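Structure record follows, encoded as C-alpha cells.
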Amino acid sequence: MKRIEILNFKSPNRAPLKVEGFLFGEESYGTTIAIVGSMSGDYINQLYVASGLVDYLRQKEEEGKITGKILVIPAINTYALNMGETFWPLDKTDINMMFPGYVQGETTQRIAAKLFESLQGYDYGIILEGRRDQGMCLPYVKLIQSGYEDIDSARDLGMRFIHFRPYSPIETVMLQYNWQLWGTKACSVVFGKNGTIDRLSSGEVHGALVRLMSKRGILDTSVFEGYASNIIEPDDITVLKAQCAGIFDSLVGCGVVVQKGEVLGRITDALSGEKLENITAPIDGVVTCQYANPLIFQNSIAFRIASAITKR
C-alpha cells in the first residue's frame, strides 16, 4: 500500500486542506479501478465504507491477492466533515458540482480539478454517494445515460437495483458524467442515511465493491454472487408525497415488497395528535426510499416505490 497526496491547499486560518488516497498494486499492469468516498460533510456511511475498504485491501495485499491497481480516496471534503457541514464551509458550494474543475478558479473548482487529474486513466470508477434529500434508501447503483456508460460493470456489483436514467443538464458538472466522458466506466453507489452509520447497507456496499473487483480480475478472492440487478428507469418509480405536515410514522422499511392499497405510513398533528393522513401504496412494488426524519413537511417525499418491471 502506498499513501499518496492528492492535493494540499494552504488555509489562512487553520491547517492545510490535505486529501490523501491509498494505492494498491502500484506495479500492476492489470485492470485498474478508483473508488471515491465522501465528497460531502454528511456522507458518513461513504467515509465508513471507504476507510473500511482500505483496511481490507491492506490485508489482501499482504496476502498477495491484489492482481490489478486500486486507488481509494476515502474523503474529499475534509473541512466539511470536521465542521459538521454538508458543503464546502467557506462558501457553501458542492464539490460534486464543479467537475471537471478549473485550476485557476474558486477553491472548490481547484479541488475538483486536482481530484479529476488524479482519477484519469482508470478502467473503472465508483463514486460513493448519499441522497441529496432527507431520505434513506435501499442501496442502489446510479448510472446516467451519457452515451459512454457501461451497464455490464454496474451489473457486476450485484446490487438489487440499477437506476438507469438520462442525465439532466445539471449533471454535466458532476464527477460521474465527466469521468465517463474521459473513458472510465464510472457509476455511483447510493446508500444509507446521511450523517449516520448504517452497518447493514454499508456491509452490502462493501461486499458489492469486492465482488466487482473480483469479477473484473482486480482482486483474487472468492465472493458470493449478488442479485441479478433489476434495471429501473424514471417511469418505473412512483413518488408519494405527504399531503400535510406533522409527525411521520413509517410502517415499512426500505426493501419491503408492498401491495396496492397497503398503508405505508401515518402522519399525525404534532400538537393535538389528530390523525391527519394515511399514506397508502398506489401500486404493487418495492419501497426503495423513505423519509428519514420523524417530523415531515407538506409535499416532502415520504416514499418512493419501484414497480414490477419486465427484464431488460
Side-chain angles (χ1 to χ4, degrees), residues 1-2 6 20-26 28 30-40 43-63 65-76 96 115 118-119 122-131 137-144 149-164 175-176 179-180 184-192 197-230:
M1 181 189 80
K2 183 178 180 181
I6 304 297
E20 295 181 312
F22 297 85
L23 189 62
F24 302 88
E26 182 183 11
S28 172
T31 306
T32 60
I33 186 171
I35 298 166
V36 176
S38 175
M39 278 193 280
S40 291
Y43 283 5
I44 307 301
N45 277 295
Q46 292 66 30
L47 175 65
Y48 180 71
V49 168
S51 61
L53 187 65
V54 169
D55 187 54
Y56 172 84
L57 292 172
R58 183 190 298 112
Q59 297 175 47
K60 291 301 176 183
E61 188 171 59
E62 291 173 357
E63 297 169 8
K65 299 294 186 179
I66 305 293
T67 52
K69 180 175 149 183
I70 307 165
L71 173 65
V72 182
I73 306 175
I76 311 302
N96 199 22
L115 175 62
S118 71
L119 296 174
Y122 282 86
D123 298 315
Y124 299 97
I126 303 292
I127 306 151
L128 303 180
E129 291 186 23
R131 293 200 56 81
C137 62
L138 196 69
Y140 68 93
V141 180
K142 183 178 77 176
L143 185 64
I144 58 175
E149 71 279 355
D150 182 66
I151 203 161
D152 290 333
S153 58
R155 287 184 189 275
D156 279 349
L157 286 159
M159 305 195 76
R160 193 165 175 176
F161 292 106
I162 298 173
H163 193 191
F164 187 52
L175 177 56
Q176 183 184 151
W179 218 353
Q180 288 179 1
T184 294
K185 297 172 181 178
C187 64
S188 301
V189 176
V190 185
F191 62 104
I197 293 176
D198 181 340
R199 292 183 180 274
L200 186 61
S201 64
S202 294
E204 182 178 340
V205 172
H206 174 92
L209 297 173
V210 171
R211 185 180 300 114
L212 172 64
M213 289 187 282
S214 175
K215 286 180 174 289
R216 293 290 161 162
I218 303 169
L219 185 62
D220 180 17
T221 189
S222 298
V223 293
F224 287 104
E225 287 294 333
Y227 291 99
S229 300
N230 293 279

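Hydrogens, waters and symmetry mates play no part in the numbers below; they use all other heavy atoms, side chains included. Model, not experiment: these values are computed from the prediction.
- Annotation: side chain of L219 is in contact with side chain of I66 (closest heavy-atom distance under 4.5 Å).
- The line from CD of E149 to CG of L143 is 5.5 Å long, rounded to the nearest 0.5 Å.
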### Task
Let me see the working for T31 and Y124 under side-chain contact (heavy atoms from CB on, under 4.5 Å), right down to the final yes or no.
CA-CA 8 Å; T31 306; Y124 299 97; 3.4 Å; yes
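- M1 has its side chain within reach of V54: a pair of non-hydrogen atoms, C-beta onward, lies under 4.5 Å apart.
- Closest non-hydrogen pair, T67 versus G217, comes out as OG1-O, 2.9 Å.
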For residues 203-212, which side-chain donor-acceptor pairs fall under 3.5 Å, sequence neighbours excluded?
from, atom 1, to, atom 2, distance (Å)
R211, NE, F224, O, 2.9
R211, NH1, L157, O, 2.6

### Task
Would you please test N45 and F191 for side-chain contact (heavy atoms from CB on, under 4.5 Å) and show each step?
CA-CA 8 Å; N45 277 295; F191 62 104; 3.6 Å; yes
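- Of the inter-residue distances, the one linking S38 atom OG with N96 atom CG reads 11.0 Å to the nearest 0.5 angstrom.
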### Task
Show your reasoning for whether side-chain contact (heavy atoms from CB on, under 4.5 Å) applies to I126 and C187.
CA-CA 5 Å; I126 303 292; C187 64; 3.6 Å; yes
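- A50 and V72 get closest at one heavy-atom pair: O-CG1, 3.8 Å.
- K142 and E129 make their closest contact through NZ-OE1, 3.0 Å (heavy atoms, listed as atom of the first residue, atom of the second, distance).
- Between atom CZ of residue R216 and atom OG1 of residue T32 there is a gap of 12.5 Å, rounded to the nearest 0.5 Å.
- Across all non-hydrogen atoms, the minimal contact from E20 to I73 is O-CG2, 3.6 Å.
- Taking each heavy atom of T184 and L119 in turn, the nearest pair found is OG1-O, 4.4 Å.
- Distance check: F24 CZ to I33 CD1 gives 12.5 Å after rounding to the nearest 0.5 Å.
- Shown here for S153 and K185, the closest heavy-atom pair between the two residues is OG-CB, 4.2 Å.
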### Intermediate values then yes/no, side-chain contact (heavy atoms from CB on, under 4.5 Å), S229 and V141
CA-CA 9 Å; S229 300; V141 180; over 6 Å; no
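- With 3.5 Å as the limit, one finds a donor-acceptor pair spanning the side chains of Q176 and Q180.
- Using a 4.0 Å cut-off between a side-chain N of Lys or Arg and a carboxylate O of Asp or Glu, K60 and E63 qualify as a salt bridge.
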